Asker: 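Sharing a structure below in structure tokens format, with a few things to ask.
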Amino acid sequence: MMRVAVLALQGAFAEHQAAFRDLGVETLQIRQRADLQRPFDALVLPGGESTVQGKLLHDLELFAPIRTMICQGLPVMATCAGLILLAERLVDDPVVWFGTLKATVRRNAYGRQLGSFFTRGDCGPLTDIPMSFIRAPYIEDCAPDVTVLSQYEGKITAVRQDNQLALSFHPELLPDRRLHQFFLQQMVARPDKIAV
Ligand code: GLN
């Protein structure tokens with residue numbers, strides 16, 4: 001039985017839990033260091049406010065062990081603020097959190113006030129995925145070994161680098177569960193399979 005851990009410090013973590021529940025997969029919340037002792041097969045870094053989440057990760061001493069798990073190959077699905085936490089570089093911002101994803105990310109890239117919108121688009125092998133962008137970042141640039149899965153108006157909005165799946169948008173807020181299923185099938189059930 002697969003179990004997915006969801007970082008539950010702030011933001012849209014309950015919605016990811018609901019998505020995995022719809023797919024028959026058990027979830028557990030990561031709120032404190034002791035929660036990392038329980039076995040799990042994958043981790044979700046949810047949307048929310050990356051600065052708040054990053055500070056809490058450090059304050060609660062979750063940061064270093066989670067970073068180690070990601071570096072060791074734990075499958076990670078990151079949405080929005082989660083993408084910012086993974087990025088190796090942020091535009092106009094010296095802060096680096098986990099820095100495990102070889103990508104340069106622009107925060108609030110669609111503007112702060114009117115930066116929320118809905119669209120549909122393809123993502124990797126999946127077509128016509130509903131996508132909710134909320135004060136979303138986009139990926140300005142990524143390394144050659146990072147696979148671009150989705151773009152919106154010429155900007156990269158979803159990538160995969162080995163065990164890391166990172167999305168600008170929020171699939172968990174909409175009823176379509178194909179991206180969560182894709183993550184489970186392609187990255188958790190068969191983590192050694194890199195092709196998308
Ligand atoms: N703008 C937020 C940040 O910088 C991300 C928004 C989101 O996760 N929906 O962290």
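On a predicted model such as this, the values are computed, not experimentally measured, just so you know.
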Asker: Would I66 and L165 show up in the same hydrophobic cluster when neighbours are defined by side-chain heavy atoms closer than 4.5 Å?
Answerer: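 No: no chain of side-chain contacts under 4.5 Å links I66 to L165.
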Asker: Of all heavy-atom pairs between Q53 and L9, which one has the smallest distance, and what is that distance?
Answerer: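 Heavy-atom minimum between the residues: O-CD1, 4.2 Å.
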Asker: Are L23 and F40 co-members of a hydrophobic cluster defined by side-chain heavy atoms under 4.5 Å apart?
Answerer: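 No; tracing contacts between hydrophobic side chains, which count when under 4.5 Å, never links both residues.
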Asker: If you take all heavy atoms of G24 and M1, which pair is closest and at what distance?
Answerer: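 Closest heavy-atom pair between G24 and M1: O-CE, 3.5 Å.
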Asker: What is the minimum heavy-atom distance between Q29 and A8, and which atoms define it?
Answerer: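 Closest approach of Q29 to A8, heavy atoms only: CB-CB, 3.7 Å.
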Asker: Using ring centroids (six-membered ring only for Trp), state whether Y152 and F133 fall under 6.0 Å.
Answerer: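 Yes.
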Asker: Compare all side-chain heavy atoms of F20 with those of V44 and state whether any distance is below 4.5 angstrom.
Answerer: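 F20 vs V44: side chains touch.
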Asker: Which class fits the ring pair Y110 and F117: parallel under 30°, tilted 30 to 60°, perpendicular over 60°?
Answerer: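 Perpendicular.
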Asker: Might you point out which heavy atoms bring A189 and M2 nearest each other, and give the distance in Å?
Answerer: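 Nearest pair, atom of A189 first, then M2: CB-CE, 3.8 Å.
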Asker: Using a 4.5 Å cut-off on heavy atoms from C-beta on, say whether the side chain of C142 contacts that of Q161.
Answerer: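 Q161 does not reach C142 side chain to side chain.
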Asker: Keeping to residues at least two apart or across chains, list the side-chain hydrogen bond (donor to acceptor under 3.5 Å, both in side chains) pairs with something in residues 32-41.
Answerer: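 Output for this query is empty, none listed.
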Asker: In terms of side-chain geometry, is the basic nitrogen of E49 or R135 positioned less than 4.0 Å from the acidic oxygen of its partner?
Answerer: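 Counted as a salt bridge, because a side-chain N and a carboxylate O are separated by less than 4.0 Å.
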Asker: Does the side chain of L149 reach to within under 4.5 Å of the side chain of L126, using non-hydrogen atoms?
Answerer: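 Side chain of L149 against side chain of L126, heavy atoms only: no contact under 4.5 Å found.
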Asker: Identify each donor-acceptor pair in which a side-chain atom of residues 69-90 lies under 3.5 Å from a protein atom, sequence neighbours left out, and give them as a table.
Answerer:
| unit_1 | atom_1 | unit_2 | atom_2 | d |
| --- | --- | --- | --- | --- |
| T79 | OG1 | H16 | NE2 | 3.2 |
| T79 | OG1 | G47 | N | 3.2 |
| R89 | NH1 | T104 | OG1 | 2.7 |

Asker: Measuring from atom CG of L45 to atom CG of L167, what distance do you get when rounded to the nearest 0.5 angstrom?
Answerer: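 L45 CG to L167 CG: 11.0 Å, rounded to 0.5 Å.
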Asker: Using 4.0 Å as the upper bound for N to carboxylate O, is an ion pair formed by D92 and R106?
Answerer: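 Looking at D92 together with R106, the answer is yes, because their closest N to O distance falls below 4.0 Å.
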Asker: Taking all non-hydrogen atoms of both residues, which atom of A136 and which atom of S168 are closest, and how far apart?
Answerer: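 That would be CB-O, 3.6 Å.
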Asker: With a 4.5 Å limit on heavy-atom distance, are the side chains of S150 and M131 in contact?
Answerer: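 Sidechains of M131 and S150: in contact.
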Asker: Do F63 and L7 share a hydrophobic cluster, counting only Ile, Leu, Val, Met, Phe, Trp and Tyr and linking them when any side-chain heavy atoms are less than 4.5 Å apart?
Answerer: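 Hydrophobic grouping puts F63 with L7.
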Asker: Kindly work out whether a path of hydrophobic side-chain contacts (I/L/V/M/F/W/Y, heavy atoms less than 4.5 Å apart) joins L179 to L101.
Answerer: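 Shared cluster, no.
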Asker: Hey, could you give me the OG1/CD distance between T100 and Q164, rounded to the nearest 0.5 Å?
Answerer: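 Interatomic distance, T100 OG1 to Q164 CD, rounded to 0.5 Å: 3.5 Å.
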Asker: Distance-only, no hydrogens or angles: does the R3 side chain make a donor-acceptor pair with backbone N or O of E26 under 3.5 Å?
Answerer: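 Absent.
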Asker: Any side-chain heavy atom of F13 sitting closer than 4.5 Å to one from Q17?
Answerer: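 They are in side-chain contact.
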Asker: Please round to the nearest 0.5 Å and tell me the distance separating atom OG of S50 and atom CG of N108.
Answerer: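 Those atoms lie 8.0 Å apart.
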Asker: Check for me, please, whether V105 and I134 land in the same ILVMFWY cluster - side-chain distances under 4.5 Å, paths through other members count.
Answerer: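 Looking at the clustering, I134 is in a separate group from V105.
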